[in-house]
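I have placed the structure first, in the form of structure tokens, so that the comments after it can refer back to it.
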Amino acid sequence: MTELTDLTGLLLSRIRDVADHPEPGVMFKDITPLLADPAAFHALTEAFVEIAERTGATKVVGLEARGFILGAPVAVRAGLGFIPVRKAGKLPGATLGQAYDLEYGSAEIEVHAEDLNPGDRVLIVDDVLATGGTAEASIQLIHRAGAEVAGVAVLMELGFLGGRPRLEAALDGAPLEALLTI
């Protein structure tokens with residue numbers, strides 16, 4: 001338990017609160033100090049690698065954009081492939097797309113159609129789980145590609161926004177692991 005407490009303390013100490021960003025009333029959680037600290041970034045990567053190994057993941061999906069920063073070193077360290085899930089229109093070639101609703105409007109994410117295959121076990125990595133819309137859409141994309149979701153791993157979960165209950169049905173028993181819950 002000391003190890004988890006040490007990791008939690010290290011990560012929390014490297015996340016900066018920025019009031020009223022991007023708009024008044026929002027407390028933004030800035031992870032750039034964590035990324036700038038080699039020991040903290042390494043500890044975070046190792047925690048995600050442990051989740052990838054425990055879930056039997058064969059590939060890592062990183063959600064645009066901070067999921068790229070966090071997921072790519074996990075894939076390299078764990079010896080797995082890395083697949084970026086991008087906003088619509090950013091990937092060349094054949095893609096699978098998934099639209100989803102936002103608080104005000106909608107968005108769409110895409111993945112290269114050939115990057116996920118039946119038999120793949122995919123760990124989704126991102127920095128924050130908020131309302132769960134992007135994560136839910138990525139789960140749908142992975143399923144549409146014929147792959148299996150091994151789990152979702154996030155640095156922090158904003159529990160008050162209700163993302164976890166939204167994802168439980170889509171995860172179908174796969175774990176949702178948040179290193180920090182705020």
Side-chain angles (χ1 to χ4, degrees), residues 4 7-8 10-12 14-15 29-87 90-91 95-96 98 100 107 109-112 115-117 119-145 147-159 161 163-164 166-168 170-182:
L4 180 59
L7 176 64
T8 300
L10 176 62
L11 297 176
L12 283 171
R14 300 305 188 271
I15 297 171
K29 300 293 186 183
D30 181 14
I31 68 166
T32 58
L34 187 155
L35 299 174
D37 180 325
F41 194 12
H42 179 78
L44 171 61
T45 300
E46 290 302 309
F48 281 155
V49 167
E50 194 278 328
I51 293 168
E53 290 171 347
R54 187 167 10 93
T55 61
T58 60
K59 291 188 177 169
V60 173
V61 154
L63 304 182
E64 188 165 344
R66 289 178 295 270
F68 299 171
I69 297 167
L70 302 181
V74 171
V76 169
R77 174 73 179 79
L80 306 174
F82 177 77
I83 297 137
V85 169
R86 307 267 341 244
K87 294 174 183 168
K90 301 288 186 180
L91 292 171
T95 61
L96 288 175
Q98 183 67 47
Y100 62 101
I109 55 173
E110 293 179 332
V111 66
H112 274 131
D115 288 347
L116 292 169
N117 302 294
D120 285 336
R121 289 187 45 79
V122 182
L123 178 67
I124 300 165
V125 173
D126 205 6
D127 65 329
V128 174
L129 174 64
T131 64
T134 307
E136 182 181 44
S138 67
I139 291 168
Q140 292 167 344
L141 266 181
I142 291 164
H143 287 152
R144 285 182 46 222
E148 181 182 344
V149 176
V152 174
V154 296
L155 168 57
M156 63 187 128
E157 176 181 354
L158 304 180
L161 292 176
R164 183 175 292 268
R166 179 176 185 170
L167 295 184
E168 284 176 347
L171 281 169
D172 193 30
L176 167 55
E177 300 199 35
L179 299 179
L180 304 171
T181 302
I182 297 173

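Bear in mind the structure is a predicted one, so any value in this text is a computation, not a measurement. This chain uses plain numbering: 1 for the first residue, then up along the sequence.
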Distance, nearest 0.5 Å, that separates [atom1] of [X] from [atom2] of [Y]:
| X | Y | atom1 | atom2 | value |
| --- | --- | --- | --- | --- |
| Leu34 | Leu11 | CG | CG | 5.5 Å |
| Leu161 | Arg166 | CG | CZ | 11.5 Å |
| Glu148 | His143 | CD | NE2 | 7.5 Å |
| Phe68 | Ile83 | CZ | CD1 | 11.5 Å |

For the residue pair [X] and [Y], establish whether any side-chain heavy-atom pair is separated by less than 4.5 Å.
| X | Y | answer |
| --- | --- | --- |
| Val152 | Leu129 | no |
| Leu80 | Lys59 | no |
| Leu63 | Val61 | yes |
| Leu70 | Leu35 | yes |
| Leu180 | Leu155 | yes |
| Met156 | Ile31 | yes |
| Ile69 | Phe41 | yes |
| Lys29 | Asp127 | no |

Considering residues at least two apart in sequence or located in another chain, which fulfil the side chain to side chain donor-acceptor pair (under 3.5 Å) criterion with Thr131?
none
Considering residues at least two apart in sequence or located in another chain, which fulfil the side chain to side chain donor-acceptor pair (under 3.5 Å) criterion with Glu168?
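Glu168 satisfies side chain to side chain donor-acceptor pair (under 3.5 Å) with no other residue.
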Residue pairs passing the salt bridge (charged side-chain N to carboxylate O under 4.0 Å, His left out) test with at least one member in residues 71-86, sequence neighbours excluded, are Glu46-Arg77, Glu64-Arg86
Give me the atom names and distance for the closest heavy-atom approach of [X] to [Y].
| X | Y | answer |
| --- | --- | --- |
| Phe48 | Leu179 | CE2-CD1, 3.8 Å |
| Ala137 | Tyr100 | CB-CD2, 3.6 Å |
| Thr55 | Pro175 | CG2-CG, 3.8 Å |
| Ile109 | Thr134 | CD1-O, 4.0 Å |
| Val111 | Pro84 | CG2-O, 4.0 Å |
| Thr58 | Gly119 | OG1-O, 4.5 Å |

Strictly distance-based, threshold 3.5 Å: is any side-chain N or O of Asp30 a donor or acceptor partner for the main-chain N or O of Thr32?
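At least one qualifying donor-acceptor pair exists.
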Leu167 pairs by side-chain contact (heavy atoms from CB on, under 4.5 Å) with which of Ile124, Val149, Leu176?
Leu176
Taking atom CZ of Arg66 as the centre, does the number of heavy atoms from other residues, nucleotides or ligands within less than 6.0 Å exceed 12?
no
